[in-house]
Amino acid sequence: MKPYKKLLLENKAWAQEMVAHDPDYFKRLAELQSPEFLWIGCSDSRVPADKITGTQPGEIFVHRNIANLVIHTDVNLLSVLDYAVNYLKVNHVIVCGHYGCGGVKAAMTNHDYNHLLNMWLRNIKDVYRLYEDELNNIADEEERTNRLVELNVKEQVMKLAKTSIIQRAWKNEKRPVLHGWVYGLKDGIINNLFDMPPGSAMNAIYKFDDL
Ligand code: CO
């Protein structure tokens, strides 16, 4: 059997199983989604947002890209953020990186990945530069990579807080809480790095005072 055909067969089996348990399952889901969470994670196939958090269809709104980056010119990510915050009214936005991230590893090399990937990975190199002193002091390469994974998540959460989308929701609706998480490929456990509740302090230059 061709590998992709297995996916379609599995899909049929899954749909039948869901209906067997709950005849109205799809009918109910088709009418409404009101997820509590927006997940911004890495595209890595080993980090499926719903599986590792035990969330069901309808519970988590997902955006994934290489190394879970929040880039202020990324129309895709910003549209997802805008929709999740202002229409779905999510109460939590989670940036979840993962230890051993291939994107972070690639950014730590000096290899030419050609134009597009170089451009994407440069955002991680910028994080490296910000924390160069700390990172250069870590002798073990795996440890250094994993620390950059954490710092990268922290910077991406900070980038969320810099948007008027988040600052306006914080001001008017006291939500969402921003979360920085890192998933461990080796043990399946999520490390809760830090939270940014509405109104959290940030560098003054990024704060809008006339929202
Ligand atoms: Co990754």
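From a predicted model like this one, the values you see are computed outputs, not experimental measurements. Both counts, for ligands and for their atoms, begin at 1 and track the order of listing.
With sequence neighbours excluded, the residues satisfying side chain to side chain contact (heavy atoms under 4.5 Å, CB included) with Tyr4 are Lys2, Leu8. With sequence neighbours excluded, no residue satisfies side chain to side chain contact (heavy atoms under 4.5 Å, CB included) with Asp209.
The salt bridge (charged side-chain N to carboxylate O under 4.0 Å, His left out) contacts involving residues 183-197 comprise Glu142-Lys186, where partners must be two or more places apart or lie in separate chains.
Closest of all the heavy-atom pairs between Ile60 and Pro35 is N-CB, 3.8 Å.
Annotation: protein N, O or S atoms under 2.8 Å of the Co ion (ligand 1) (waters excluded) comprise Cys42 SG, His98 NE2, Cys101 SG.
Between Val182 and Asn146 the shortest side-chain heavy-atom distance does not fall below 4.5 Å.
Between Tyr25 and Trp14, the ring planes lie perpendicular to each other; the angle is over 60°, past the 30° to 60° tilted range.
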